[in-house]
Amino acid sequence: MRNTLVAGNWKLNGSKSSIAELLKGILVGMADDSVKPNTEVAVCAPYIYIPHVQEILDGTRIKFGSESISEHDSGAFTGEISGAMLSDFACEYAIVGHSERRTIFGEKDSDTANKFAAARKHGLKPILCVGELLEEREKEITEVVVARQLDAIIELEGVEALADGVIAYEPVWAIGTGMTASPQQAQDVHAFIRSKISALNKTVAEKVQILYGGSVNGANADELFAMPDIDGGLIGGAALKAEDFLAICRAGK
Ligand code: PGA
(Lines give C-alpha, C1' and ligand atoms only; values in the text may rest on other atoms or scores of the structure.)
Protein backbone atom coordinates (compact mmCIF):
# COMPACT_ATOMS: atom_id res chain seq x y z
CA MET A 1 0.00 0.00 0.00
CA ARG A 2 1.32 3.40 -0.94
CA ASN A 3 1.02 6.22 1.57
CA THR A 4 -1.11 9.20 0.66
CA LEU A 5 0.83 12.44 0.19
CA VAL A 6 -0.78 15.86 0.39
CA ALA A 7 1.69 18.55 -0.65
CA GLY A 8 1.02 22.28 -0.69
CA ASN A 9 2.47 24.42 -3.46
CA TRP A 10 2.37 27.97 -2.18
CA LYS A 11 3.63 29.56 -5.43
CA LEU A 12 4.38 33.30 -5.15
CA ASN A 13 2.39 33.85 -1.96
CA GLY A 14 2.95 34.48 1.73
CA SER A 15 4.91 36.59 4.17
CA LYS A 16 6.81 35.72 7.35
CA SER A 17 3.75 36.35 9.45
CA SER A 18 1.17 34.71 7.19
CA ILE A 19 3.35 31.60 6.86
CA ALA A 20 3.78 31.32 10.64
CA GLU A 21 0.02 31.65 11.09
CA LEU A 22 -0.74 29.12 8.34
CA LEU A 23 1.70 26.49 9.62
CA LYS A 24 0.63 26.91 13.24
CA GLY A 25 -2.99 26.51 12.16
CA ILE A 26 -2.16 23.30 10.29
CA LEU A 27 -0.13 21.93 13.21
CA VAL A 28 -2.95 22.66 15.69
CA GLY A 29 -5.45 21.02 13.33
CA MET A 30 -3.26 17.91 13.06
CA ALA A 31 -2.75 17.58 16.81
CA ASP A 32 -5.95 15.53 17.24
CA ASP A 33 -4.65 12.84 14.84
CA SER A 34 -7.53 13.46 12.42
CA VAL A 35 -4.99 13.16 9.58
CA LYS A 36 -4.47 9.40 9.15
CA PRO A 37 -1.03 8.06 10.11
CA ASN A 38 -0.38 6.86 6.55
CA THR A 39 -0.99 10.33 5.12
CA GLU A 40 2.19 12.32 4.61
CA VAL A 41 1.88 16.09 4.65
CA ALA A 42 4.31 18.52 3.01
CA VAL A 43 4.52 22.17 2.01
CA CYS A 44 6.63 23.62 -0.81
CA ALA A 45 7.59 27.21 -0.11
CA PRO A 46 9.20 30.14 -1.94
CA TYR A 47 12.97 29.81 -1.54
CA ILE A 48 13.43 32.78 0.74
CA TYR A 49 10.99 31.45 3.34
CA ILE A 50 12.50 27.97 3.56
CA PRO A 51 14.66 28.72 6.67
CA HIS A 52 11.57 30.22 8.34
CA VAL A 53 9.52 27.11 7.46
CA GLN A 54 12.34 24.88 8.70
CA GLU A 55 12.37 26.63 12.06
CA ILE A 56 8.61 26.26 12.52
CA LEU A 57 8.35 22.66 11.28
CA ASP A 58 11.45 21.23 12.97
CA GLY A 59 10.44 18.06 14.83
CA THR A 60 6.87 18.04 13.47
CA ARG A 61 5.11 15.65 11.11
CA ILE A 62 5.02 18.13 8.24
CA LYS A 63 7.80 17.88 5.66
CA PHE A 64 8.82 20.71 3.39
CA GLY A 65 10.52 21.55 0.16
CA SER A 66 11.02 24.06 -2.63
CA GLU A 67 8.95 25.01 -5.65
CA SER A 68 11.83 24.61 -8.08
CA ILE A 69 15.58 23.86 -8.08
CA SER A 70 18.57 24.75 -10.21
CA GLU A 71 19.86 22.12 -12.57
CA HIS A 72 23.35 23.40 -11.72
CA ASP A 73 25.40 22.58 -8.63
CA SER A 74 27.46 25.75 -8.20
CA GLY A 75 29.22 28.50 -10.09
CA ALA A 76 28.31 31.46 -12.28
CA PHE A 77 24.51 31.05 -12.36
CA THR A 78 23.20 34.29 -10.89
CA GLY A 79 19.89 33.94 -9.08
CA GLU A 80 19.86 30.14 -8.93
CA ILE A 81 19.39 27.90 -5.86
CA SER A 82 21.07 24.49 -5.91
CA GLY A 83 20.02 21.13 -4.55
CA ALA A 84 22.90 21.24 -2.05
CA MET A 85 21.62 24.57 -0.72
CA LEU A 86 18.11 23.15 -0.33
CA SER A 87 19.47 20.07 1.46
CA ASP A 88 21.43 22.38 3.73
CA PHE A 89 18.07 23.69 4.97
CA ALA A 90 16.60 20.20 5.40
CA CYS A 91 14.30 20.28 2.38
CA GLU A 92 12.92 16.86 1.46
CA TYR A 93 11.08 17.77 -1.73
CA ALA A 94 11.59 19.95 -4.79
CA ILE A 95 8.83 20.50 -7.34
CA VAL A 96 10.11 20.19 -10.93
CA GLY A 97 8.35 20.86 -14.21
CA HIS A 98 5.33 22.67 -12.78
CA SER A 99 3.20 23.88 -15.70
CA GLU A 100 3.82 27.50 -14.65
CA ARG A 101 7.58 26.90 -14.99
CA ARG A 102 7.00 25.25 -18.35
CA THR A 103 4.55 27.76 -19.84
CA ILE A 104 5.55 31.08 -18.24
CA PHE A 105 9.31 30.55 -17.82
CA GLY A 106 9.88 28.39 -20.88
CA GLU A 107 11.31 25.34 -19.13
CA LYS A 108 11.51 22.44 -21.55
CA ASP A 109 11.18 18.70 -20.91
CA SER A 110 15.00 18.50 -20.95
CA ASP A 111 15.30 21.29 -18.32
CA THR A 112 12.80 19.45 -16.13
CA ALA A 113 14.78 16.22 -16.52
CA ASN A 114 18.00 18.00 -15.51
CA LYS A 115 16.24 19.46 -12.47
CA PHE A 116 14.88 16.02 -11.57
CA ALA A 117 18.43 14.69 -11.74
CA ALA A 118 19.78 17.56 -9.63
CA ALA A 119 17.19 16.94 -6.92
CA ARG A 120 17.99 13.22 -6.77
CA LYS A 121 21.71 13.88 -6.70
CA HIS A 122 21.27 15.94 -3.54
CA GLY A 123 18.93 13.52 -1.79
CA LEU A 124 15.76 15.51 -2.45
CA LYS A 125 12.58 13.88 -3.71
CA PRO A 126 11.57 15.58 -6.94
CA ILE A 127 7.82 16.10 -7.37
CA LEU A 128 7.61 15.80 -11.14
CA CYS A 129 4.61 17.63 -12.61
CA VAL A 130 3.15 16.43 -15.88
CA GLY A 131 -0.08 17.36 -17.63
CA GLU A 132 -1.73 18.52 -20.81
CA LEU A 133 -3.06 21.88 -21.95
CA LEU A 134 -6.78 22.26 -22.70
CA GLU A 135 -6.18 22.19 -26.45
CA GLU A 136 -4.13 19.02 -26.09
CA ARG A 137 -6.99 17.33 -24.20
CA GLU A 138 -9.41 18.49 -26.89
CA LYS A 139 -7.13 17.01 -29.56
CA GLU A 140 -7.13 13.78 -27.52
CA ILE A 141 -3.36 13.76 -27.16
CA THR A 142 -3.24 13.82 -23.33
CA GLU A 143 -1.44 10.46 -23.16
CA VAL A 144 1.05 11.48 -25.86
CA VAL A 145 1.95 14.65 -23.93
CA VAL A 146 2.23 12.95 -20.56
CA ALA A 147 4.28 10.10 -22.06
CA ARG A 148 6.68 12.60 -23.65
CA GLN A 149 7.11 14.44 -20.34
CA LEU A 150 7.83 11.16 -18.51
CA ASP A 151 10.15 9.88 -21.23
CA ALA A 152 12.42 12.91 -20.77
CA ILE A 153 13.14 11.70 -17.23
CA ILE A 154 13.31 8.01 -18.10
CA GLU A 155 15.77 8.65 -20.94
CA LEU A 156 18.10 10.76 -18.79
CA GLU A 157 17.91 8.94 -15.47
CA GLY A 158 16.39 5.51 -16.16
CA VAL A 159 12.98 4.29 -15.03
CA GLU A 160 14.31 3.29 -11.59
CA ALA A 161 14.91 6.97 -10.84
CA LEU A 162 11.16 7.55 -10.73
CA ALA A 163 11.04 5.51 -7.51
CA ASP A 164 13.08 8.26 -5.81
CA GLY A 165 10.48 10.87 -6.60
CA VAL A 166 6.78 11.58 -6.79
CA ILE A 167 4.73 12.23 -9.93
CA ALA A 168 1.97 14.84 -9.97
CA TYR A 169 -0.56 14.71 -12.79
CA GLU A 170 -1.80 18.26 -13.18
CA PRO A 171 -4.01 18.97 -16.19
CA VAL A 172 -3.11 22.57 -16.99
CA TRP A 173 -6.76 23.50 -17.62
CA ALA A 174 -7.61 22.49 -14.05
CA ILE A 175 -4.93 24.55 -12.29
CA GLY A 176 -6.29 27.53 -10.42
CA THR A 177 -9.46 27.51 -12.54
CA GLY A 178 -11.92 25.72 -10.25
CA MET A 179 -12.35 23.21 -13.11
CA THR A 180 -11.26 19.99 -11.40
CA ALA A 181 -10.79 16.89 -13.52
CA SER A 182 -13.47 14.36 -12.61
CA PRO A 183 -12.19 11.49 -10.45
CA GLN A 184 -12.58 9.17 -13.45
CA GLN A 185 -10.75 11.54 -15.84
CA ALA A 186 -7.89 11.80 -13.36
CA GLN A 187 -7.86 8.07 -12.62
CA ASP A 188 -7.64 7.28 -16.34
CA VAL A 189 -4.45 9.33 -16.72
CA HIS A 190 -2.99 8.04 -13.45
CA ALA A 191 -3.62 4.46 -14.59
CA PHE A 192 -1.97 5.28 -17.93
CA ILE A 193 1.11 6.67 -16.14
CA ARG A 194 1.35 3.64 -13.88
CA SER A 195 0.94 1.18 -16.74
CA LYS A 196 3.55 2.99 -18.82
CA ILE A 197 6.03 2.71 -15.94
CA SER A 198 4.95 -0.87 -15.23
CA ALA A 199 5.84 -1.93 -18.77
CA LEU A 200 9.43 -0.99 -17.90
CA ASN A 201 9.57 -1.86 -14.23
CA LYS A 202 6.68 -3.27 -12.18
CA THR A 203 8.26 -2.59 -8.78
CA VAL A 204 8.76 1.09 -9.55
CA ALA A 205 5.19 1.37 -10.86
CA GLU A 206 3.77 -0.12 -7.68
CA LYS A 207 5.92 2.06 -5.44
CA VAL A 208 5.71 5.51 -6.99
CA GLN A 209 3.13 7.92 -5.58
CA ILE A 210 1.09 9.65 -8.27
CA LEU A 211 -0.64 12.80 -7.00
CA TYR A 212 -3.44 14.68 -8.69
CA GLY A 213 -3.28 18.49 -8.86
CA GLY A 214 -5.72 21.06 -10.21
CA SER A 215 -8.39 22.77 -8.11
CA VAL A 216 -8.39 20.14 -5.34
CA ASN A 217 -10.40 21.29 -2.33
CA GLY A 218 -11.99 19.90 0.81
CA ALA A 219 -15.17 19.05 -1.07
CA ASN A 220 -13.66 16.99 -3.92
CA ALA A 221 -10.54 15.45 -2.30
CA ASP A 222 -12.33 12.41 -0.84
CA GLU A 223 -13.65 11.26 -4.18
CA LEU A 224 -10.37 11.92 -5.99
CA PHE A 225 -8.18 10.20 -3.39
CA ALA A 226 -10.51 7.18 -3.32
CA MET A 227 -9.48 6.27 -6.87
CA PRO A 228 -7.05 3.34 -6.97
CA ASP A 229 -4.17 5.13 -8.71
CA ILE A 230 -4.52 8.53 -7.02
CA ASP A 231 -2.16 8.70 -4.05
CA GLY A 232 -2.87 12.21 -2.85
CA GLY A 233 -2.69 15.73 -4.19
CA LEU A 234 -0.54 18.71 -5.05
CA ILE A 235 -2.52 21.66 -3.76
CA GLY A 236 -2.23 25.30 -4.84
CA GLY A 237 -4.96 27.73 -3.80
CA ALA A 238 -6.42 25.54 -1.07
CA ALA A 239 -2.98 25.16 0.56
CA LEU A 240 -3.00 28.81 1.61
CA LYS A 241 -5.64 28.49 4.32
CA ALA A 242 -5.14 26.10 7.24
CA GLU A 243 -8.74 24.87 7.36
CA ASP A 244 -8.90 24.25 3.61
CA PHE A 245 -5.58 22.41 3.58
CA LEU A 246 -6.49 20.34 6.64
CA ALA A 247 -9.77 19.25 5.06
CA ILE A 248 -7.75 17.83 2.15
CA CYS A 249 -5.17 16.19 4.44
CA ARG A 250 -8.01 14.43 6.29
CA ALA A 251 -9.31 12.97 3.02
CA GLY A 252 -6.43 10.49 2.71
CA LYS A 253 -7.27 6.80 2.11
P1 PGA B 1 -4.53 24.75 -7.69
O2 PGA B 1 -2.98 24.59 -8.10
O3 PGA B 1 -4.80 23.76 -6.57
O4 PGA B 1 -4.67 26.18 -7.23
O5 PGA B 1 -5.33 24.44 -8.90
C6 PGA B 1 -2.37 23.34 -8.16
C7 PGA B 1 -0.93 23.49 -8.61
O8 PGA B 1 -0.64 24.40 -9.40
O9 PGA B 1 -0.05 22.72 -8.19
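Order of listing sets the numbers, starting from 1, for every ligand and every atom in it.
- The ligand atoms of ligand 1 that sit less than 4.0 angstrom from a heavy atom of Gly176 are 1 (P), 4 (O), 5 (O).
- Side chains of Pro46 and Glu67 form a contact here, defined as non-hydrogen atoms less than 4.5 Å apart.
- Within the listing of ligand 1, atoms 5 (O) sit less than 4.0 angstrom from a heavy atom of Gly214.
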Name the atoms and distances for all side-chain donor-acceptor pairs under 3.5 Å in residues 123-139, with sequence neighbours left out.
{"residue": "Glu132", "atom": "OE1", "partner": "Tyr169", "partner atom": "OH", "Å": "2.8"}
{"residue": "Glu132", "atom": "OE2", "partner": "Arg137", "partner atom": "NE", "Å": "2.7"}
{"residue": "Glu132", "atom": "OE2", "partner": "Arg137", "partner atom": "NH2", "Å": "3.3"}
{"residue": "Glu132", "atom": "OE2", "partner": "Tyr169", "partner atom": "OH", "Å": "3.0"}
{"residue": "Glu132", "atom": "OE2", "partner": "Trp173", "partner atom": "NE1", "Å": "2.9"}
{"residue": "Glu136", "atom": "OE1", "partner": "Leu133", "partner atom": "N", "Å": "2.8"}
{"residue": "Arg137", "atom": "NH2", "partner": "Tyr169", "partner atom": "OH", "Å": "3.2"}

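- The single protein non-hydrogen atom nearest to atom 6 (C) of ligand 1 is Gly236 N, 3.5 Å, given as residue, atom name and distance.
- The nearest protein atom to atom 4 (O) of ligand 1, hydrogens excluded, is given as Gly237 N, 2.8 Å; this is a heavy-atom distance.
- Only the side chain of Asn9 comes within contact range of ligand 1, with a heavy atom under 4.0 Å; no backbone atom does.
- Only backbone heavy atoms of Ala174 (N, CA, C or O) come within less than 4.0 Å of ligand 1; its side chain stays farther off.
- Listed by first and then second residue, the salt bridge (charged side-chain N to carboxylate O under 4.0 Å, His left out) pairs that reach into residues 159-178 are Arg120-Asp164, sequence neighbours excluded.
- Atoms of ligand 1 found under 4.0 Å from any heavy atom of Leu234 (numbered from 1 in listed order, with element): 6 (C), 9 (O).
- Put simply, the side chain of Ser198 never gets that close to the backbone of Ser195: no donor and acceptor are under 3.5 Å apart.
- Scanning the protein for heavy atoms near atom 9 (O) of ligand 1, the closest one is Glu170 OE2, 2.7 Å.
- The His98 neighbourhood of ligand 1 comprises atoms 7 (C), 8 (O), 9 (O), with distances under 4.0 Å to a heavy atom of that residue.
- A 4.5 Å side-chain heavy-atom check between Ile193 and Val146 finds at least one atom pair inside the cut-off.
- Side-chain contact between Cys249 and Met30 is absent, with no heavy-atom pair separated by less than 4.5 Å.
- With a 4.5 Å cut-off on side-chain heavy atoms, Leu23 and Val53 count as touching.
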